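Comments concern the structure below.
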Amino acid sequence: MNRETMRTAFCDDSAQDREAVQEILDSLDLHADIFDNGEALQAAFWRQAYDLVLLDIEMPGISGYDLASVLKKQNAACEVVFITGHTELVLEAFRFKPAAFVPKQLIRSELPRALEHILAKETENPVFVTRKKNQDRIVELNQVLYLKYVYDHEVEFTLKDGSRFSETGSMKQFEAELAPKGFIRIYSNCLVNALYITRMEKEMVLLANGEQLAVARERRENVRKSYMRYLTKC
C-alpha cells in the first residue's frame with residue numbers, strides 16, 4: 001500500500017488543529033477525509049474502512065479512545081495515530097496499539113516523522129511463501145489470524161477472510177520464522193497474529209473477528225510479556 005491508495009481520515013473538534021494537520025497531510029501528498037466529530041467518522045468508517053486514522057483523544061461525544069476501540073474491532077489492521085495536548089495519556093493509549101502518539105505542541109515536527117514511518121512500514125508488507133509442491137502461493141502476513149497444528153506435520157493457516165490452507169512443518173519451525181513478525185505462541189499447537197488481538201485475559205485472547213482462543217497455563221506470563229513488547233513496538 002502507498003500514499004496514493006491509503007485511505008486516511010482525521011478527526012478533531014478544533015478547527016485550528018484540523019487546519020494544521022491538513023497542511024501537514026498536504027505536504028506529504030496524503031489525501032484525508034476530515035471530520036469534526038467522532039460520530040461522523042464512525043459512520044463513514046462503517047461504509048468503507050480507513051487504513052489510517054488520526055484521532056484527537058478528548059472530543060465532545062465519543063472520545064478518541066472509545067472511537068479507536070470501535071474502529072479496531074471493525075478493521076484490526078487500521079493504523080491509529082493519537083494527537084493530543086495531554087501527554088499524560090500516553091500509557092493508556094498503548095492498549096489500542098497506536099502507530100504513533102503525537103503531542104499537539106510538537107505536531108509540526110513529530111507528525112510528519114510519524115506518518116513517514118507508517119508509510120515506510122506499509123511498503124515492507126511482510127509475506128509468507130508456502131512450500132508445498134504444486135501449491136506455491138504468497139500470503140500477506142497481515143491477512144493471517146492464526147496457525148494451528150492439525151496432525152502429522154500439517155499446520156493450518158486461518159486467514160482474515162475466513163479461508164484456510166494447510167502447510168507442512170512443525171510449530172517450532174513456524175514460531176522461529178513468525179515470532180519476529182508479531183506472532184505469539186499461546187498454546188503448544190497455536191500461533192496467533194498479535195495484530196488481531198483486541199483483548200487479552202488470563203486464560204484466553206479475544207480476536208478482532210470475535211473468536212476466543214485459550215492460552216496454555218504455562219505460557220500465560222510469556223504471552224503477556226510478548227504482547228506487551230509487541231504493543232510498545234507499534
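What you are looking at is a predicted structure, and each value in this text was computed from that prediction instead of being measured. Heavy atoms only: backbone and side chains are in, while hydrogens, waters and symmetry mates are out.
- Residues V102 and I34 share a hydrophobic cluster, clusters being chains of Ile/Leu/Val/Met/Phe/Trp/Tyr side chains in contact below 4.5 Å.
- Side-chain contact between E116 and L119: present, with at least one pair of heavy atoms (C-beta onward) separated by less than 4.5 Å.
- Linking ILVMFWY residues whenever their side-chain heavy atoms come closer than 4.5 Å, directly or via other members, leaves V150 and F165 in distinct clusters.
- Across all non-hydrogen atoms, the minimal contact from R18 to D36 is NH1-CB, 3.3 Å.
- For the residue pair Y149 and V155, the shortest heavy atom distance occurs at CD1-CG2, 4.0 Å.
- A donor-acceptor contact closer than 3.5 angstrom links the side chains of Y50 and D33.
- With values rounded to the nearest 0.5 angstrom, M200 atom CE is found 8.5 Å from S226 atom OG.
- Side chain of E39 to backbone of I62: a donor-acceptor contact under 3.5 angstrom is found.
- Between the CG atom in N142 and the NZ atom in K181 there is a gap of 12.0 Å [rounded to 0.5 Å].
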Point to revise | Pair K72-V80, side chain to side chain contact (heavy atoms under 4.5 Å, CB included): steps then yes or no | key: CA-CA 9 Å; K72 280 285 193 178; V80 173; 4.1 Å; yes
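- Checked by atom type and distance alone, the side chain of R7 never pairs as donor or acceptor with a backbone atom of H31 at under 3.5 Å.
- The residue from V205, L206, L145 that alone fulfils the side chain to side chain contact (heavy atoms under 4.5 Å, CB included) condition with L213 is V205.
- Between Y227 and Y230, the two ring planes are parallel [angle under 30°; tilted spans 30° to 60°].
- Between L195 atom CG and I184 atom CD1 the span is 11.0 Å, to the nearest 0.5 Å.
- With no hydrogens or angles considered, no side-chain donor-acceptor pair links E58 and S63 at under 3.5 Å.
- Within the model, atoms CD of E167 and CD of Q173 stand 8.0 Å from one another, a figure rounded to the nearest 0.5 Å.
- A donor-acceptor pair is defined here as one N or O able to donate and one able to accept, closer than 3.5 Å; no such pair exists between the side chain of R219 and the backbone of I186.
- L25 is connected to L28 through a chain of hydrophobic side-chain contacts under 4.5 Å among Ile, Leu, Val, Met, Phe, Trp and Tyr, so both are in one cluster.
- Across every non-hydrogen atom of A99 and E79, the tightest pair is CB-OE1, 3.3 Å.
- W46 and V53 fall into different hydrophobic clusters, where Ile, Leu, Val, Met, Phe, Trp and Tyr side chains are chained together by heavy-atom contacts under 4.5 Å.
- In summary, E23 and R108 engage in a salt bridge, as defined by a charged side-chain N under 4.0 Å from a carboxylate O.
- With hydrogens and angles left out, the side-chain atoms of N75 and K160 include a donor and acceptor closer than 3.5 Å.
- Taking the charged nitrogens against the carboxylate oxygens, E175 and K172 have no contact shorter than 4.0 Å, which rules out a salt bridge.
- Side-chain contact between T158 and L147 is absent, with no heavy atoms from C-beta onward closer than 4.5 Å.
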Exercise for review: Decide side chain to side chain contact (heavy atoms under 4.5 Å, CB included) for I197 and L207; before the verdict, give the C-alpha distance in whole Å, the side-chain angles of both, and the deciding distance to 0.1 Å.
Suggested key: CA-CA 5 Å; I197 296 176; L207 304 186; 4.0 Å; yes
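- The backbone N or O of D66 sits nowhere less than 3.5 Å from a side-chain atom of S69 that would complete a donor-acceptor pair.
- A donor-acceptor pair under 3.5 Å links the side-chain atoms of R185 to the main chain of S188, judged by distance alone.
- F174 and F157 have their aromatic ring centers within a separation under 6.0 angstrom.
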Practice item. Would you check, one step at a time, whether the test side chain to side chain contact (heavy atoms under 4.5 Å, CB included) holds for L41 with L55? Key: CA-CA 10 Å; L41 171 53; L55 293 175; 3.6 Å; yes
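- Residues I83 and D17 fail the side-chain proximity criterion, which asks for heavy atoms closer than 4.5 Å.
- Around the OH atom of Y187, the shell of radius 6.0 Å holds no more than 12 heavy atoms that belong to other residues, nucleotides or ligands.
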Check your understanding: Under the side chain to side chain contact (heavy atoms under 4.5 Å, CB included) criterion, do M171 and L191 qualify, and how do the steps go?
Key -> CA-CA 8 Å; M171 291 304 292; L191 270 169; 3.9 Å; yes
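- Residues P103 and L106 are in side-chain contact: their nearest non-hydrogen atoms beyond the backbone lie under 4.5 Å apart.
- With hydrogens and angles ignored, the 3.5 Å screen pairs no side-chain donor or acceptor of S163 with any backbone N or O of L159.
- For the pair R199 and E201, the salt-bridge criterion is met [side-chain N within less than 4.0 Å of a carboxylate O].
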Check your understanding: Would E110 and R113 satisfy salt bridge (charged side-chain N to carboxylate O under 4.0 Å, His left out), going step by step from the backbone distance to the final call?
Key -> CA-CA 5 Å; E110 294 302 316; R113 185 180 306 172; 3.5 Å; yes
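- For the pair L178/L141, a side-chain contact is recorded, criterion being any heavy-atom separation below 4.5 Å from C-beta on.
- Residues E156 and S166 bring no donor and acceptor atom of their side chains to less than 3.5 Å of each other.
- Salt-bridge formation is detected for the pair R224/E221: a Lys NZ or Arg NE/NH1/NH2 atom is positioned less than 4.0 Å from an Asp or Glu carboxylate oxygen.
- Note: L54 CG to Q22 CD = 11.0 Å, rounded to the nearest 0.5 Å.
- Side-chain heavy atoms closer than 4.5 Å link hydrophobic residues (I, L, V, M, F, W, Y) into clusters, and following such links, possibly through other members, connects L52 to I107.
- Of all heavy-atom pairs spanning Y65 and F101, the tightest one is OH-CE1, 4.5 Å.
- A44 approaches F35 most closely through the heavy-atom pair CB-CZ, 3.6 Å.
- The two atoms that bring T198 and A208 nearest to each other are CG2-CA, 3.6 Å, heavy atoms only.
- Between Y196 and Y146, a ring centre-to-centre spacing not shorter than 6.0 Å is recorded.
- Between K104 and D56, at least one side-chain N (NZ, or NE/NH1/NH2) sits under 4.0 Å from a carboxylate O, which counts as a salt bridge.
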